[in-house]
Amino acid sequence: MCEKHGMLGHLKARNRAWAEKRIEADPGFFQRLVEQQAPEYFWIGCSDSRVPASEIVDLDPGEVFFPRILPTLAPPQDANYLSVLQFAVDVLKVKHVMVVGHYGCGGVSAAVDGKRRGLVDHWLHPIREVAAAHRAELEALPAGSARLDRLCELNVIRQVRNVASDVFVQEAWARGQQLAVHGWVYSIRNGLVTDLGVTVTGPAEAAALG
Ligand code: ZN
């Protein structure tokens, strides 16, 4: 075996052990996955490694479909994200889109700390827009984590609005497809998610969200 093939050997060994454990617990597990990918949930969350989507809600691979973006963004100008959203809504026909932010998000705090980082500043621009739109509310909070945590919530609400106003989502509702868009925030401190109460299940509710 050449040297390069030996790289990441510990992860390959863990993968083999994981697959064996899965088969031991449920012999039909992989066969069912091969036959069908029919997840009901589409998860739009941060790529932060402390926020493992399927583990938090205790779902198996195949039950939840997700692109992971840093931080939690549903940017309507991003073709990659839009392709995945369309695939989830039109082809997989997911029933729930969950926009899941998390408190203490490094992407959210980097957006508003005033430091220049290069290309990523451009990517984080939508979060600065959310901060500017809610400046008075945010400035009324103590500077630091209280303010940043509220910005994490406001960002999720904004991304729920982006998803709900998206053409693919609007078209799905127009043809009577069942689809709900939810906004949640996850806390790394206690492992719990909070529903922000902005669930949208149709065009009227989407319009009411602003
Ligand atoms: Zn994050």
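Remember, it's 1-based here, ligands and their atoms both numbered in the order they're listed.
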> Applying a strict under-4.5 Å side-chain criterion to I, L, V, M, F, W and Y, I'd like to know whether Val91 and Val84 cluster together.
yes
> Does a side-chain heavy-atom distance below 4.5 Å link Val198 with Val156?
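Of all side-chain heavy-atom pairs linking Val156 with Val198, none is under 4.5 Å.
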> Test of understanding: clusters of I, L, V, M, F, W, Y form through side-chain heavy atoms closer than 4.5 Å, transitively. Do Val193 and Ile188 belong to the same one?
yes
> Quick one, Trp43 and His96 - any side-chain contact, counting heavy atoms below 4.5 Å?
no
> Could you walk me through whether Val100 and Ile56 satisfy the side chain to side chain contact (heavy atoms under 4.5 Å, CB included) test, starting with their C-alpha distance in whole Å, then the side-chain angles of each, then the deciding distance to 0.1 Å, before giving a yes or no?
CA-CA 11 Å; Val100 187; Ile56 290 170; 5.9 Å; no
> Any idea how many protein N, O or S atoms are nearer than 2.8 Å to the Zn ion (ligand 1)?
3
> May I ask you to say whether Glu153 pairs ionically with Arg150, meaning some side-chain N is under 4.0 Å from a carboxylate O?
yes
